Amino acid sequence: MDAMTSEHRVQLQSQIMNRLFWIQSGLLIIILGLVLASLSNPEKLGATPLCLLVGGLGALLALVRRVPKVDAEGLLRLSRGWVAVLQPGLYGAFMAGVAYLLFMSGILTGVDGEGLIATNLFPSFDRPDASGQLLTMQTVFKLRPATVTDLGQLFVWCFLAGYSESFIVGILGKLEKQGK
């Protein structure tokens, strides 16, 4: 590949950063909409959608930080279309979803929990009493962190799950070792 001129590199970085700005602005508008919707009907919306969006934002922030360091080939790949820029955000949301499932399932729990890893750094969840009833997705989506502190911890961990690609992979590896 021919050497990329400094001006061309700056132009590609600007194009990528512009796309990232619009994607992040869209995510923030969706988050704001969900927060406003939850104010009008708090029983219907749990933390799940916000966790996914926060994870996506974490991944996109990581991409923003990496763009100045990306080589010429990577810049060309990122600048060719929206998919290459959206992909990290989707993966970040997926990783935040995995983190959410680890907390919701009780595998990773707050200090009073009995999960494989229990610490005061992890959130605890209120568990609605559904004894004798079939579990529905509506019940799952109503699960909530027990306190405001737990909600904050959940959002921080979901952001980190999106921001650091190796975060969830590292936790899963640790759980795999403990499970053997």
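Everything numeric here is computed off the predicted structure, so don't read it as measured data.
Contact between Ala161 and Met95 at its shortest, heavy atoms only, is O-CB, 3.5 Å. Residue Ala59 comes nearest to Pro88 through the heavy atom pair CB-O, 3.0 Å, listed as atom of the first residue, atom of the second, then distance. Nearest heavy atoms, Leu102 versus Ser105: O-OG, 3.1 Å. Of all heavy-atom pairs between Leu20 and Val85, the closest is CD2-CG1, 3.3 Å. Between Met17 and Val64, the shortest heavy-atom contact is CE-CG1, 3.5 Å. Closest of all the heavy-atom pairs between Lys69 and Arg65 is NZ-O, 4.0 Å.
With sequence neighbours excluded, the residues forming a side chain to side chain contact (heavy atoms under 4.5 Å, CB included) with Gln11 are His8, listed by chain and number.
Listed for the Gln24 side chain is no donor-acceptor partner under 3.5 Å among the backbone atoms of Arg19. Judged purely by atom type and a 3.5 angstrom limit, Trp157 uses its side chain to pair as donor or acceptor with the backbone of Leu121. When atom types are taken as modelled, the side chain of Asn18 and the backbone of Gln15 share no donor-acceptor pair closer than 3.5 angstrom. In terms of modelled atom types and a separation under 3.5 Å, the side chain of Ser25 and the main chain of Phe21 share a donor-acceptor contact. Ser164 places no side-chain N or O within 3.5 Å of a backbone atom of Leu160 that could act as its donor or acceptor partner.
In this structure, the side chains of Leu90 and Phe94 stay at 4.5 Å or more apart for every pair of heavy atoms. Between Leu154 and Cys51, the closest side-chain pair of non-hydrogen atoms falls below 4.5 Å. Two residues are said to be in side-chain contact when any heavy atoms from C-beta on lie closer than 4.5 Å; Leu78 and Leu12 fail this criterion.
Using bins of under 30°, 30° to 60° and over 60° for the plane-to-plane angle, the ring pair Phe125/Tyr100 lands in the perpendicular bin.
In this structure, CG on Leu63 lies 11.0 Å from OH on Tyr163, to the nearest 0.5 angstrom. Atom CG of Leu52 and atom CG of Leu57 lie 11.5 Å apart (nearest 0.5 Å). One distance of note links OG of Ser124 with CZ of Phe103; it measures 10.0 Å at 0.5 Å rounding. Atom CD1 of Ile16 is separated from atom CZ of Arg80 by 10.5 Å, given to the nearest 0.5 angstrom. A distance of 5.5 Å separates CG of Leu53 from CG of Leu27, quoted to the nearest 0.5 Å. Between Ile23 atom CD1 and Leu60 atom CG the span is 6.0 Å, to the nearest 0.5 Å.
Residues Val148 and Phe122 do not share a hydrophobic cluster, defined by chaining ILVMFWY side chains whose heavy atoms lie under 4.5 Å apart. Under the 4.5 Å side-chain contact rule for hydrophobic residues, Val83 and Leu75 do not share a cluster.
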Next item on the list: Tell me, with the steps shown, if Val156 and Val54 meet side-chain contact (heavy atoms from CB on, under 4.5 Å).
Entry: CA-CA 8 Å; Val156 167; Val54 166; over 6 Å; no

Note to self: Walk me through whether Thr5 and Arg9 qualify under side-chain contact (heavy atoms from CB on, under 4.5 Å).
What the structure shows: CA-CA 6 Å; Thr5 65; Arg9 183 175 180 77; over 6 Å; no

